[in-house]
Amino acid sequence: MDIRRDKYLNDLVIRMHNGMVKVITGIRRCGKSYLLFKIFKRYLEEQGVPASHMIIIELDQWKNRKYREPEAILDYIDSLLIDDGQYYIMLDEVQMLREFEEVLNSLTHIRNADIYVTGSNSKFLSKDIITEFRGRGDEIHIYPLTFKEFMSAYDKDIYHGWAEYVVYGGLPLTVTMKTEEQKINYLTNLFKETYLRDIIERHHIEKNQELEDLVNILASAVGSLTNPSKIEMTFRSTIQSTISLNTIRQYIEYLEDAFIINKANRYNVKGRKYIGTPLKYYFEDVGLRNARLEFRQIEETHLMENIVYNELRSRGYSVDVGIVEKRKMNLEGKAEKKQLEIDFIANLGSKRYYIQSAFSMPNEEKRIQEKASLLGLKDSFKKIIIVKDIVNVTRDEEGITTMSIYDFLLKENSLEL
């Protein structure tokens with residue numbers, strides 16, 4: 001089964017020969033190795049690069065264990081550089097290489113070599129890249145499959161596809177699985193035995209249950225405003241735990257570093273400033289989120305919001321939660337401030353979009369509610385409401401565009417429709 005990941009291939013192609021180490025990061029099982037060793041390798045072959053000039057070492061394979069030593073791998077690579085032609089060095093699971101930072105720095109000095117690596121997020125996080133490579137690492141972050149990528153490998157219609165995607169998410173292997181039992185077991189075990197174990201081992205966590213409880217709390221609160229203090233209160237009232245505020249903050253940071261969750265900060269549009277807390281957390285993959293809750297809380301409204309957030313991030317946008325303050329007269333005739341929320345403010349360079357994930361607008365009252373915060377904006381950036389219903393893309397007299405989730409996810413330039 002061939003899954004198209006054109007965006008990431010293009011990300012690699014435009015970085016070719018830039019003198020930096022191309023570092024492919026992403027949550028475990030999201031397709032890093034597939035991108036490098038199948039999609040990108042095939043591209044190089046189509047460009048006429050001979051096999052002898054593609055040096056591929058998969059360090060997690062037992063037969064390559066000797067190359068986990070710095071001297072051994074450097075000597076081996078040097079022995080393959082037999083002419084002045086362009087070479088492409090591709091290393092998988094590079095965290096298994098001892099002193100890998102120094103090895104990669106050494107490889108950057110080979111004049112006719114272009115370096116590409118993948119690494120497990122348990123020991124090879126974006127923060128490590130910033131620290132270790134000091135400007136010589138160029139990160140390409142890969143997300144699980146978008147809905148469009150998912151549908152490129154799915155053999156039913158988009159409606160059945162959505163029903164699958166909103167429950168089981170976009171980790172590539174789930175697309176190939178035939179039964180719900182397979183998918184449930186895979187996602188449940190993957191979260192516990194791979195993602196959480198990585199964090200526990202990396203950070204030497206002793207109180208495993210507190211970490212698992214925190215993940216469950218965050219999973220239940222997708223799309224809701226929260227903060228570490230609020231989570232601490234939940235621990236005390238619901239779980240009767242005395243976990244400290246600092247520990248909660250630390251564990252959240254570990255989950256973010258491992259690409260399991262992402263945060264969306266709140267931004268006051270009129271005041272042009274960020275608001276510290278509360279904020280929102282979204283899961284990198286909704287299937288993993290559902291697995292943590294044993295598939296018992298499939299609230300399509302919140303999951304659609306999470307999917308919209310992930311789609312925007314995968315397209316390269318930075319994403320905030322928007323706040324618009326409006327003054328309103330109370331019953332006593334006094335002016336009071338009221339805060340209206342915009343689900344997402346998506347920014348990319350000079351582009352900005354204000355987006356509401358509404359799921360449905362069955363009546364005029366709901367339509368007025370969803371439009372209220374958008375109408376409070378006085379700038380000229382595009383304002384969009386995304387609904388689950390099948391609708392034609394429309395723009396009303398107030399300049400607000402409404403489109404279906406299918407148009408948004410499947411059409412490449414959907415934000416410009």
Exercise for the section: Let me see the working for Ile3 and Ser152 under side-chain contact (heavy atoms from CB on, under 4.5 Å), right down to the final yes or no. Expected result: CA-CA 6 Å; Ile3 299 175; Ser152 75; 4.1 Å; yes
Surrounding [atom1] of [X] (heavy atoms of other residues, nucleotides or ligands, distance under 6.0 Å), is the total greater than 12?
X	atom1	value
Asn363	CG	yes
Lys7	NZ	yes
Arg98	CZ	yes
Glu46	CD	yes
Gln47	CD	yes
Lys207	NZ	no

Practice task
Would you please indicate if the ring centroids of Tyr186 and Tyr168 are separated by under 6.0 Å?
Solution key: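 Judged by ring-centre distance (under 6.0 Å), Tyr186 and Tyr168 do not meet the cut-off.
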Problem - His141-Phe259 aromatic ring centre distance below 6.0 Å - result: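 Yes - the distance between ring centres of His141 and Phe259 falls below the 6.0 Å cut-off.
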Side-chain heavy atoms of [X] within contact of [Y], under 4.5 Å:
X	Y	result
Leu293	Ile298	no
Asp396	Thr402	no
Thr226	Thr234	no
Asn310	Phe283	no
Leu107	Val21	no
Gln182	Thr174	no

Practice task
Before giving the answer on ring pair (Phe, Tyr, Trp, His ring centres under 6.0 Å), spell out for Tyr406 and Tyr159 the whole-Å C-alpha distance, their side-chain angles and the decisive distance to 0.1 Å.
Solution key: CA-CA 9 Å; Tyr406 304 106; Tyr159 313 111; 5.4 Å; yes
Handout entry: Candidate pair Glu398 and Lys371, rule salt bridge (charged side-chain N to carboxylate O under 4.0 Å, His left out), full reasoning
Key = CA-CA 10 Å; Glu398 293 163 311; Lys371 291 170 63 174; 2.5 Å; yes
Exercise for the section: Measure up the Phe147 and Trp162 rings against each other and bin them: parallel (under 30°), tilted (30 to 60°), perpendicular (over 60°). Expected result: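 Perpendicular.
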Practice task
Just say parallel, tilted or perpendicular for the rings of Phe40 and Tyr43, cut-offs at 30° and 60°.
Solution key: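 Taking Tyr43 first and then Phe40, their aromatic rings lie parallel (interplane angle under 30°).
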Does the pair [X]/[Y] count as a salt bridge with the N-to-O cut at 4.0 Å?
X	Y	value
Lys382	Glu416	no
Lys22	Asp138	no
Glu325	Lys338	no
Arg236	Glu232	yes
Lys280	Glu341	yes
Glu164	Lys156	no
Arg42	Asp2	yes
Arg266	Asp320	no

Any side-chain to backbone donor/acceptor pair from [X] onto [Y]? Under 3.5 Å, distance only.
X	Y	result
Arg68	Leu59	yes
Gln86	Asn112	yes
Ser360	Pro362	no
Thr188	Asn185	no
Lys270	Asn268	no
Lys32	Gly26	yes
Asp389	Val391	no

Just by distance, no angles: are the side chains of [X] and [Y] close enough, under 3.5 Å, to form a donor-acceptor pair?
X	Y	value
Arg5	Thr146	no
Asp114	Tyr116	yes
Gln209	Asp213	yes
Glu58	Asn64	no
Thr118	Asp92	yes
Tyr354	Arg352	yes

Exercise for the section: Kindly determine whether Arg315 and Ser414 satisfy side chain to side chain donor-acceptor pair (under 3.5 Å), including the steps that lead there. Expected result: CA-CA 11 Å; Arg315 294 187 189 186; Ser414 58; 3.0 Å; yes
Practice task
Could you please spell out the steps behind the salt bridge (charged side-chain N to carboxylate O under 4.0 Å, His left out) verdict for Glu253 and Arg249?
Solution key: CA-CA 6 Å; Glu253 185 176 334; Arg249 289 189 179 120; over 6 Å; no
Could you report the tightest heavy-atom contact between [X] and [Y], atom names first, then the distance?
X	Y	value
Glu139	Thr25	OE2-OG1, 2.6 Å
Ala264	Leu279	O-CB, 3.4 Å
Asp343	Ile355	CB-O, 3.4 Å
Ile248	Phe235	CD1-CD1, 4.1 Å
Thr247	Ser244	OG1-OG, 2.8 Å
Leu74	Ser106	CD2-CB, 4.3 Å

Problem - side-chain contact (heavy atoms from CB on, under 4.5 Å) partners for His109, two or more places apart - result: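 Scan of His109 (side-chain contact (heavy atoms from CB on, under 4.5 Å), adjacent residues dropped) gives none.
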Exercise for the section: Please name all residues satisfying side-chain contact (heavy atoms from CB on, under 4.5 Å) with Val286, sequence neighbours left out, ordered by chain then number. Expected result: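 Result, side-chain contact (heavy atoms from CB on, under 4.5 Å) vs Val286: Leu303, Asn306, Ile307.
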Exercise for the section: Any chance you could lay out the side chain to side chain donor-acceptor pair (under 3.5 Å) test for Tyr282 and Glu305, step after step, and finish with the verdict? Expected result: CA-CA 9 Å; Tyr282 295 98; Glu305 185 178 323; 2.5 Å; yes
Exercise for the section: Step by step, work out the salt bridge (charged side-chain N to carboxylate O under 4.0 Å, His left out) result for Asp198 and Arg202. Expected result: CA-CA 6 Å; Asp198 280 352; Arg202 177 179 171 82; over 6 Å; no
Problem - Ring-face cation contact, Phe359 with Lys388, 6.0 Å cut, 45° max - result: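 Lys388 over Phe359 ring: no.
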Exercise for the section: Check the pair Arg289, Glu299 against salt bridge (charged side-chain N to carboxylate O under 4.0 Å, His left out), reporting the backbone distance first and the verdict last. Expected result: CA-CA 11 Å; Arg289 177 267 180 195; Glu299 310 98 335; 3.1 Å; yes
Handout entry: side chain to side chain donor-acceptor pair (under 3.5 Å) assessment of Arg313 paired with Tyr317
Key = CA-CA 5 Å; Arg313 290 291 303 274; Tyr317 290 90; over 6 Å; no
